[in-house]
Amino acid sequence: MKMRMVTVAMAGLLALSMAACSGPGAGGGDSGTDSGGPGDTTIGVAMPTQTSTRWIADGNAVKEGLEKAGYKVDLQYAADEIPTQTQQIDQMITKGVKLLIIASIDGTALTSQLQAAADKGIKVIAYDRLIRDSPNVDFYVSFDNYKVGVAQATSLLHGLGLVEKDGKPVATPPTGTQNVELFGGSSDDNNAPINFSGSWDTLKPFIDKGNIAVKSGQTEFAQAATLRWDQATAQTRMENLLSSTYGGNGEGLAGVLSPFDGISRGIITALQGVGMGPTIAEGLPIVTGQDAEIASVKLINDGVQYSTIFKDTRTLAGQAVTTALSYLKGEEPKANDTKTYNNGVKIVPSYLLEINTINKEDIKPELIDSGYWTQAQVDAGQ
Ligand code: BGC
C-alpha cells in the first residue's frame with residue numbers, strides 16, 4: 001500500500017514537471033530541455049559570420065528547414081570571433097539543445113565544447129567546415145572541397161585560354177608564359193588547404209609546361225593564405241604583390257586564383273586601384289571566386305570578375321536538416337563518403353555535395369532560374 005502511494009505521488013510530480021516544461025502555446029517553452037515532441041526540442045545552429053551573404057543564407061535555410069519539421073532553433077552568428085563562437089556554443093549546451101550544427105571559425109578551437117556536448121549526448125554535425133582534433137564530431141556535411149579547388153584552377157586556366165570550360169586542354173594554347181598569382185583561404189579553416197591543393201594539383205602541369213608562372217614565387221599555401229578569408233587582408237597582399245612584382249601598375253599579370261568572392265573583390269579593388277581594367281575586356285586580369293555572393297555575381301555579370309563556384313546553400317542546409325532529423329529520430333544518417341575526412345582523431349562520416357562553376361552565361365540558368373538570386377538583385381549587386 002505504502003509503495004503504491006509513493007508511485008502515485010511520483011507520477012503526480014512527473015505530470016507537474018512535464019506541464020511546467022511545456023510552457024505557453026502549442027510549441028512549449030523556451031527551455032528546450034525536455035524531450036517531448038519536436039516542439040519542445042531546440043537545435044543549436046552556430047554560424048561564423050554575417051559579413052558574407054552565403055552564411056546568412058545558410059543560417060536562414062537551416063533554421064527554416066528545422067522549424068518546418070517542428071523544432072525550435074537557436075541560431076547564432078559569431079562575427080568571426082573565436083571566443084564569441086565558443087561562448088555561444090557553451091550557452092547552447094547549458095540551455096539544453098538536443099543537437100548542434102556548427103560552421104566553425106577555427107576548426108581546432110572547439111574540442112572542450114564538443115566534449116561537453118558528448119557528455120550530454122548531444123550529437124554534433126560539422127557544417128561545411130570540418131571540426132578538427134575531436135572524437136566528438138558525429139557527421140560532416142559539405143561540398144567536395146578538393147573539387148572546389150580544381151574547379152577554381154580550371155576556371156583560371158579557361159580564362160587564360162589554356163583549357164576548355166570542362167578542363168580539357170585546348171588544341172593550340174597561347175604561346176609564351178602568362179603570369180598568375182595565388183590566394184588561399186584561412187589557415188585555421190580545414191577547407192582552405194584542401195581547396196588550395198585541388199587548385200595547385202590542377203595548375204602544376206601548366207606551370208611545368210611553362211604555360212603559366214607564379215612570378216612572385218609565392219606558391220606555398222602558407223604564403224598564399226588569407227586569415228579569416230578577409231577581403232581587406234587580400235587587398236593589401238595584392239597591392240604588395242603589384243608593387244613588388246608587377247612594376248606597381250600590374251604589367252604582365254594575367255590572372256589571380258582567388259578562393260572566395262570576398263577575397264576576389266579585395267583583389268579586384270587592388271588591381272583597379274593601379275589602373276587595370278576596369279573590366280576583363282579592358283585588360284583586368286582573370287580573377288576566380290567561390291560562393292556566388294551577390295556582389296560578385298554582379299561583377300561577373302558586368303565582366304569584371306571572371307567566375308565563381310556556386311555551392312547551393314539550400315542543398316547543403318537541406319542535407320544538414322536531413323542528417324539532424326535522422327539523429328533526432330534515433331537513426332544513423334546516410335553518408336556518401338566514409339574515407340576522406342580525417343579530422344586528426346577519426347574519419348568523420350560525410351555527405352558531400354556537387355558544385356557548379358559560374359561564368360557570365362551561367363548566371364541566368366543556374367542562379368536566377370533556380371531562384372537563388374533574382375535578376376533585380378544581380379543588377380543591384382545586393
Ligand atoms: C567555405 C567557403 C567560403 C569560405 C569563406 C569556407 O569554409 O567552404 O564556401 O567561401 O569558408 O567564408
Side-chain angles (χ1 to χ4, degrees), residues 80 82 104-109 129-130 132-133 142-157 159-160 162-163 167 177-248 250 252-268 270-271 285-291 306-307 309 340-344:
D80 258 343
I82 299 162
S104 56
I105 297 166
D106 180 334
T108 63
R129 299 174 171 175
L130 186 63
R132 293 193 53 84
D133 306 338
S142 188
F143 296 86
D144 187 322
N145 292 296
Y146 184 87
K147 273 194 199 162
V148 173
V150 172
Q152 287 163 335
T154 301
S155 184
L156 178 63
L157 295 169
L160 297 175
L162 292 162
V163 301
T177 302
Q178 302 187 72
N179 293 316
V180 300
E181 293 297 333
L182 313 179
F183 281 68
S186 192
S187 48
D188 55 7
D189 179 344
N190 192 63
N191 288 350
I194 299 176
N195 191 179
F196 192 79
S197 63
S199 291
W200 177 252
D201 293 349
T202 309
L203 296 176
K204 181 79 172 34
F206 294 85
I207 295 175
D208 292 345
K209 280 186 281 184
N211 295 128
I212 56 172
V214 181
K215 198 174 172 193
S216 68
Q218 297 184 16
T219 57
E220 297 295 322
F221 172 69
Q223 296 170 306
T226 314
L227 190 63
R228 298 283 116 75
W229 305 81
D230 183 60
Q231 179 166 341
T233 305
Q235 184 179 332
T236 303
R237 176 164 178 259
M238 190 70 242
E239 285 164 356
N240 292 340
L241 286 167
L242 286 165
S243 50
S244 65
T245 314
Y246 297 95
L253 176 63
V256 184
L257 177 85
S258 166
F260 159 57
D261 287 342
I263 291 179
S264 316
R265 296 195 295 277
I267 292 166
I268 288 168
L271 299 174
I286 299 297
V287 180
T288 61
Q290 171 172 208
D291 287 344
Y306 185 65
S307 63
I309 306 301
T340 310
Y341 282 94
N342 187 329
N343 78 343

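Only a predicted model underlies this, so the values are computations on that prediction, with no experimental measurement involved.
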Within this structure, what is the [atom1]-[atom2] distance for the pair [X] and [Y], rounded to the nearest 0.5 Å?
X      : Y      : atom1 : atom2 : result
Arg237 : Glu181 : CZ    : CD    : 7.0 Å
Leu227 : Asp188 : CG    : CG    : 5.5 Å
Lys147 : Ile194 : NZ    : CD1   : 14.0 Å
Asn179 : Leu160 : CG    : CG    : 10.0 Å
Arg265 : Phe260 : CZ    : CZ    : 6.5 Å
Asn145 : Phe196 : CG    : CZ    : 15.0 Å

Looking only at heavy atoms, which two atoms of [X] and [Y] are closest? And how far apart?
X      : Y      : result
Tyr246 : Ser216 : OH-N, 4.5 Å
Leu156 : Val256 : CD1-N, 3.8 Å
Ser199 : Gly149 : OG-O, 2.7 Å
Ile105 : Arg129 : CA-NH1, 3.9 Å
Gln290 : Val148 : OE1-CG1, 3.3 Å
Asn195 : Trp229 : OD1-CH2, 4.2 Å

Can you find a heavy atom in the side chain of [X] that is under 4.5 Å from one in the side chain of [Y]?
X      : Y      : result
Leu162 : Gln178 : yes
Val163 : Phe206 : yes
Ser155 : Tyr306 : yes

**Prompt:** How would you list, by chain and number, every residue that makes a side-chain contact (heavy atoms from CB on, under 4.5 Å) with Ser243, sequence neighbours excluded?
**Reply:**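 In terms of side-chain contact (heavy atoms from CB on, under 4.5 Å), with neighbours along the sequence ignored, Ser243 is linked to no residue.
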Donor-acceptor pairs under 3.5 angstrom involving side-chain atoms of residues 208-215: please list them, not counting sequence neighbours.
unit_1, atom_1, unit_2, atom_2, d
Asp208, OD1, Lys204, NZ, 3.1
Asp208, OD2, Lys204, NZ, 3.1
Lys215, NZ, Thr245, O, 3.4

**Prompt:** Should Tyr341 and Asn190 be marked as a side chain to side chain donor-acceptor pair (under 3.5 Å) after you check the CA-CA gap, both sets of side-chain angles, and the distance that decides it?
**Reply:** CA-CA 10 Å; Tyr341 282 94; Asn190 192 63; over 6 Å; no
**Request:** Would you please test Trp200 and Leu182 for side chain to side chain contact (heavy atoms under 4.5 Å, CB included) and show each step?
**Result:** CA-CA 9 Å; Trp200 177 252; Leu182 313 179; 4.0 Å; yes
**Request:** Decide yes or no on side chain to side chain donor-acceptor pair (under 3.5 Å) for Gln235 and Glu239, but give the supporting numbers first.
**Result:** CA-CA 6 Å; Gln235 184 179 332; Glu239 285 164 356; 2.9 Å; yes
**Request:** Test side chain to side chain donor-acceptor pair (under 3.5 Å) on Ser186 and Asp189 and set out the steps.
**Result:** CA-CA 5 Å; Ser186 192; Asp189 179 344; over 6 Å; no
**Prompt:** Can you list the steps and then say if Leu257 with Gln152 is a side chain to side chain contact (heavy atoms under 4.5 Å, CB included)?
**Reply:** CA-CA 7 Å; Leu257 177 85; Gln152 287 163 335; 4.0 Å; yes
**Prompt:** Of Ile286, Leu271, Leu241, which meets side chain to side chain contact (heavy atoms under 4.5 Å, CB included) against Leu253?
**Reply:**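 Going through the options one by one, the only one that passes is Leu271.
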**Request:** List the steps, then state whether side chain to side chain contact (heavy atoms under 4.5 Å, CB included) holds for Thr288 with Ile309.
**Result:** CA-CA 8 Å; Thr288 61; Ile309 306 301; over 6 Å; no
**Message:** Checking Leu203 against Thr219 for the side chain to side chain contact (heavy atoms under 4.5 Å, CB included) test, could you report, in this order, the C-alpha distance in whole Å, the side-chain angles of both residues, the deciding distance, and whether it holds?
**Reply:** CA-CA 11 Å; Leu203 296 176; Thr219 57; over 6 Å; no
